[in-house]
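Report on the following structure.
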Amino acid sequence: MGFKLCSWRPLSPLPGLTRRLPFCLQRPLFDVRALLCPALQRAGPRSLRRLQLSMTVLALEKGFAWPPFSRGGKNAGSRRRSGFLTLVLLVRSVPEGTEMFEVYGTPGVDIYICPSVDRGRERADTRRWHFDAGSEIIVVMNSPSNDLNDSHVQISYHSSRESLPLAYAVLYLTCVDISLDCDLNCEGRQDRSFVDKRQWVWGPGGYGAILLVNCDKDNLNCDERDNCDQHVHCLQDLEDMSVMVLRTQGPAALFDDHKLVLHTSSYDAERARVFHACGPEDSCEAYRHVLGQDKLSYEVPRFHGDEERFFVEGLSFPDAGFTGLISFHVTLLDDSNEDFSESPIFTDTVVFRVAPWIMTPSTLPPLEVYVCRVRNNTCFVDAVAELVRKAGCKLTICPQTENRNDRWIQDEMELGYIQAPHKTFPVVFDSPRNGELQDFPYKRILGPDFGYVTREPGDSSVSGLDSFGNLEVSPPVVANGKEYPLGRILIGGNLPGSSGRRVTRVVRDFLHAQKVQPPVELFVDWLAVGHVDEFLSFVPAPDGKGFRMLLASPSTCLRLFQEKKKWGHGRALLFQGVCGAQPVNTISINQVLSNESLIGYNKFVQSCIDWNREVLKRELGLTERDIIDIPQLFKTERRKAVAFFPDLVNMLVLGQHLGIPKPFGPVINGRCCLEEKVRSLLEPLGLHCTFIDDFSSYHVLHGEVHCGTNVRRQPFAFKWWHMVP
């Protein structure tokens, strides 16, 4: 009889075993069959020989184990592990006359017999087993060895015609526990013990390690983001990294001729970096760069005995060609034989997912408002400051020396965040528009716990649609039976199949790759500027879905004007009281309604908005009750649409406080009828409307209040890893 050390394979649950599938034992220390079988054949059927094999190493397969800082804790889970060894009885190698066999193990070694393919596994006991070709012996060890070769398995071969064994063999075993651990984020699972670190599973019952892109700048003395070099410049930088712990249990003497190697692929090394804590953890010099880009493997010195700590930082967000998954491996190598190359015995693997960049809708509470001070917008800035005061959030003013008279701060950047179980921080997405404000996100916003990301096309394909007034996100919705707990990104483009303007591909690819807010592309090429914020916005609501979508509506405006004319107010004038360097001609309701060209063009505009309305209803799961039509007229410039009067939906939403462009509509009985209409639509929702004069400072330049401001908001309470994309 001989032995063959087989490759590992899934086992059905046995008493005392974990339910996890074992990892692959890629190659044994030596070929058991090659050493044992010839000797047994030479021994002959009547001879009794004891064959001793010097050592076979088993590696314990681990279940779930966390946190790295202690062996206990609520997330520790079960630490029960098993090392598996499968032995196959070969007909051609057994002593002649073998009819039965017995198998014994020392304490701590569990043995199971699989007599044939048709029968299940049974625990070995003192009885003899009938020999069948292909019978399997499963050897299991549940704890690491204290010394080399301190456990063994003995098999004896018997014939009914002999009282003594025909032969027997002893296989000496050393079991070592090797595990690469990280926070698998199992809060949502009832059973945290049985998870597969090699997998990353979405959903409330899912699990998997999470990695942040370390794109902030914790050390203000550095010029670059934290992940732009191979050094830890301050200890705060470690808080943005994920901890990975290599644990080993077993005889220390084993590592005299075995070594542990941490490694990753060249693909993953371009997207993450690993530091090893090689000394006192309160010193930046203790953190050695060991994996990433030009370093694919690292022989791990055992500085701290049975536990070595590593810190992992992300280098790249998910994007085209990168799903966000990164794997790290630790392999135990046998280096005991000088005549052979190192041979792998066991590999443990963990998989991280890089946290996506997440946008925040206007319905989330505001934290900080940004606005530019330029030469002619002092009153506008003062009005925004007063609104911010009422909303109880922070105001940051970009001075003219930094904005160089570029007031369109909404177009320059979008403020979102990234999140892991251990850390959340905001990240500014810098648009490729690159106006005079292009340095502001990097030089003023990037800093400690405030990250930065950008996407630039390799050619000159940037258009007005690449400004981030054309980048919005809905509140959480359910559409077509699918939940979108973080909402859906809304970007503007052209009609399907047409050749109009679109957002540049690198930005579209980036947004799609984040997965958690699947983008919806709307039709905006009919607009001169071409931004989604020119015809839609979202406000909080106390009922229904928790929000209302506001859509610009020429038909609603024309009905309002017709109603006012019917009641004898046809001579009421628009644009009365407008102040500015350029005089503005007033126009009456009668003149608007008699302007066939204007009426006809607004019917076209309404058809474009209606097309988007149907897309939004379908993709966001909205009904007419979720939509409020806001009166608005447009006019044509160079065959594209611009707002006829200040665009009312282009508003600043700060909780219950709304900063709405002052429309300078027809004044009837001392009140603007457009303002009164908007109040009647929004104030029943508990919203407070403040109309801000942006006519000469923004409107005449084809922008409004929303275009001239930007808001950092609270992150979602919902954790992105609990959703199923």
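What you see below is based on every heavy atom in this structure, not just the backbone, and it leaves out hydrogens, waters and symmetry mates.
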Query raised in the report: Counting N and O atoms only, with roles assigned by atom type, does the side chain of Asn595 sit under 3.5 Å from a partner on the main chain of Leu598, one being a donor and the other an acceptor?
Result: yes
**Report entry** All pairs passing salt bridge (charged side-chain N to carboxylate O under 4.0 Å, His left out) where residues 372-397 contributes a residue, at least two apart
**Finding:** Glu368-Lys394, Glu386-Arg389
Requested in this report: List the atom of Asp525, the atom of Gly500, and the distance in Å for their closest heavy-atom pair.
Outcome: OD2-CA, 3.3 Å
Requested in this report: For the residue pair His702 and Glu637, confirm or rule out a side-chain donor-acceptor distance under 3.5 Å.
Outcome: yes
Query raised in the report: Do the rings of Phe695 and His699 sit parallel, tilted or perpendicular, given the 30° and 60° boundaries?
Result: tilted
Report task. May I ask you to check whether Glu521 and Asn494 show a side-chain donor-acceptor distance below 3.5 Å? Result -> no
Query raised in the report: Using the ring of each side chain (for Trp, its six-membered ring), is Tyr601 parallel, tilted or perpendicular to Phe604, with breaks at 30° and 60°?
Result: tilted
Report task. Find out whether the Lys NZ or Arg CZ of Arg444 is both under 6.0 angstrom from the six-membered ring centre of Phe440 and within 45° of the ring's axis. Result -> no
Query raised in the report: Would you say the side-chain atoms of Asp647 pair up with the backbone N or O of Pro661, donor to acceptor, closer than 3.5 Å?
Result: no
Query - Within 45° cone of Phe664 ring axis and under 6.0 Å: Lys662 NZ or CZ - result: yes
Requested in this report: Using the six-membered ring of Phe538, assess whether NZ or CZ of Arg548 lies under 6.0 Å from its centre and within 45 degrees of the ring axis.
Outcome: no
Query raised in the report: How long is the span from the NZ atom in Lys640 to the CH2 atom in Trp526, to the nearest 0.5 Å?
Result: 10.5 Å
Query raised in the report: Are Asp466 and Arg433 ion-paired here, with the side-chain N under 4.0 Å from a carboxylate O?
Result: no
Query raised in the report: Without hydrogens or angle criteria, can the side chains of Gln606 and Ser555 be said to hold a donor-acceptor pair below 3.5 Å?
Result: yes
Requested in this report: Step through it carefully: locate the ring centre of Phe450, locate the ring centre of Tyr417, and say whether they are under 6.0 Å apart.
Outcome: no
Requested in this report: Carefully, step by step, assess Asn405 and Gln400 under the rule side chain to side chain donor-acceptor pair (under 3.5 Å).
Outcome: CA-CA 6 Å; Asn405 228 39; Gln400 191 171 354; 3.3 Å; yes
Report task. Please determine, by modelled atom types, if Tyr452 and Asp430 share a side-chain donor-acceptor pair under 3.5 angstrom. Result -> yes
Query raised in the report: Relative to the ring of Phe510, is the ring of Phe429 parallel (under 30°), tilted (30 to 60°) or perpendicular (over 60°)?
Result: tilted
Report task. Decide if atom NZ of Lys545 counts as having more than 12 heavy atoms of other residues, nucleotides or ligands within a radius under 6.0 Å. Result -> yes
Query raised in the report: Between Glu624 and Lys617, does at least one N-O distance fall below 4.0 Å, as a salt bridge requires?
Result: yes
Query - NZ/NE/NH1/NH2 to OD/OE distance under 4.0 Å, Asp509 and Arg455 - result: no
Requested in this report: Compute whether any side-chain donor of one residue and acceptor of the other, for Asn470 and Ser467, lie under 3.5 angstrom apart.
Outcome: no
Report task. Using atom types as modelled and distance alone, determine if a side-chain donor or acceptor of Ser431 lies under 3.5 Å from a backbone N or O of Asp411. Result -> yes
Query - Donor-acceptor contact present, side-chain Asn710 to main-chain Tyr370, <3.5 Å - result: no
Requested in this report: Answer yes or no for Arg407 and Tyr698: cation-pi contact, defined as NZ/CZ to six-membered ring centre under 6.0 Å and angle to ring axis within 45°.
Outcome: yes
Query raised in the report: Is the number of heavy atoms from other residues, nucleotides or ligands under 6.0 Å of Glu483 CD greater than 12?
Result: no
Query raised in the report: Would you find more than 12 non-hydrogen atoms of other residues, nucleotides or ligands less than 6.0 Å from Glu614 atom CD?
Result: yes
Query raised in the report: Do Lys603 and Asp610 meet the salt-bridge criterion of a basic N to acidic O distance under 4.0 Å?
Result: no
Query raised in the report: Within the distance-only criterion (no hydrogens, no angle test), does the side chain of Gln632 pair as donor or acceptor with the backbone N or O of Leu648 below 3.5 angstrom?
Result: yes
Query raised in the report: Is atom CZ of Arg404 surrounded by more than 12 heavy atoms (other residues, nucleotides or ligands) closer than 6.0 Å?
Result: yes
Query - For the student: nearest non-hydrogen atoms of Gly570 and Ser588, plus distance - result: O-CB, 3.6 Å
